[in-house]
Amino acid sequence: LTAAGVAAVAVVGACVLGLAGSEVAALRRLAPFAGSVDGSRLETVRRSVDLEAPVAVGWEVVSDHELYGRLAPNLRAVHLLSDEGAIHGKRRCVARSGESWTESCDVFLDDRRYEVNVDTSDYPYPLASMDAVFRVDEIDGQHCRASAVFHYERRPTLRGALLAAGMPTAFAVIMRRITNGWAKEAEQRTVRA
């Protein structure tokens, strides 16, 4: 080989070595999620916000399904399928992409909390299960804390593993927008009352 040929082989070899190194690094980043290819994992995401509103107003805001649909950046709308004004029953969520799914809502009025169970049979994301608990706790007569806890289990597929890699970041953004929206809406409703 000529000097130019040796240089070309060296450059190609360096490129191949660099690509291999990138692949190894990517696989290492996915290693915590590799178990999802063989089995699934239950994940939990929590977020709370203190509201400058009495607990009754906080509950009104947190249990407002249509408001939730406007605040969640991944949703276009949430339609209550039960009696108008009911907090419990079924609701239909419509994603920005146009896909939709059904969720059941069970209310526990004594604790000012409700649970949502997602029907993942028509869910557009690779999750085997998903549920959430929304609640409002009184801090004092003019302040309360609104919180949401999501539990989800990804499908044991490569797509599920890839989703799991981005889910904590995506959920953080979604939940920050929802809870900040709750705080703003609660403050506005308190002023109007």
Heavy-atom closest contact (Pro73 atom, Ile174 atom, distance): CG-CG1, 3.8 Å
Close side-chain approach of Asn180 to Leu71, heavy-atom, < 4.5 Å: no
Of all pairs that satisfy salt bridge (charged side-chain N to carboxylate O under 4.0 Å, His left out), the ones with a partner from residues 170-187, not counting sequence neighbours: Glu185-Arg189, Glu185-Arg192
Gap between atom CE of Met130 and atom CG of Leu42 - 0.5 Å precision: 11.0 Å
Leu75 CG to Ser97 OG distance, which is reported to the nearest 0.5 Å: 9.5 Å
Side-chain heavy-atom pair Cys105, His65 within 4.5 angstrom cut-off: yes
Check: Trp101/Glu103 side-chain N/O donor and acceptor closer than 3.5 Å: yes
Val45 and Val149, any side-chain heavy atoms less than 4.5 Å apart: no
Sub-4.5 Å side-chain heavy-atom contact between Arg112 and Val55: yes
Heavy-atom side-chain proximity of Thr179 to Ser48 below 4.5 angstrom: no
Minimum heavy-atom distance Ala183-Val49, with the two atoms named: CB-CG2, 4.1 Å
Interatomic spacing from CG in Asn117 to NE2 in His151 - rounded to 0.5 Å: 10.5 Å
Asp64 side chain reached by Trp59 side chain, heavy atoms, under 4.5 Å: no
Derivation and outcome, side-chain contact (heavy atoms from CB on, under 4.5 Å), residues Ser63 and Tyr114: CA-CA 8 Å; Ser63 63; Tyr114 73 96; 4.2 Å; yes
Any Trp182 side-chain heavy atom under 4.5 Å of Phe134 side chain: yes
Shortest non-hydrogen contact from Cys93 toward Val78: SG-CG2, 3.9 Å
Point-to-point distance, once rounded to the nearest 0.5 Å, from CD of Glu138 to SG of Cys144: 8.0 Å
Lys/Arg N to Asp/Glu carboxylate O, Arg92 vs Asp119, below 4.0 Å: no
side-chain contact (heavy atoms from CB on, under 4.5 Å) between Val94 and His79, worked out: CA-CA 8 Å; Val94 182; His79 305 289; 4.0 Å; yes
Tyr68 six-ring centre to Arg91 NZ/CZ under 6.0 Å and within 45° of normal: yes
Residue pairs fulfilling salt bridge (charged side-chain N to carboxylate O under 4.0 Å, His left out) with at least one residue in residues 65-81, sequence neighbours excluded: none
Arg46 atom CZ: more than 12 heavy-atom contacts under 6.0 Å: no
Heavy atoms of other groups near Glu52 CD, more than 12 under 6.0 Å: no
Salt bridge (Lys or Arg N to Asp or Glu O under 4.0 Å) against Arg145, all qualifying residues, sequence neighbours excluded: Asp50
Point-to-point distance, once rounded to the nearest 0.5 Å, from CG of Leu51 to CG of Asp137: 10.5 Å
Contact check, side chains of Thr120 and Arg155, non-hydrogen atoms, under 4.5 Å: yes
N-O pairing of Arg154 and Glu43 below 4.0 Å: yes
Geometric class of the Phe150/Phe171 ring pair [parallel <30°, tilted 30-60°, perpendicular >60°]: tilted
Interatomic distance, Gln142 atom CD to Thr190 atom OG1 [nearest 0.5 angstrom]: 7.5 Å
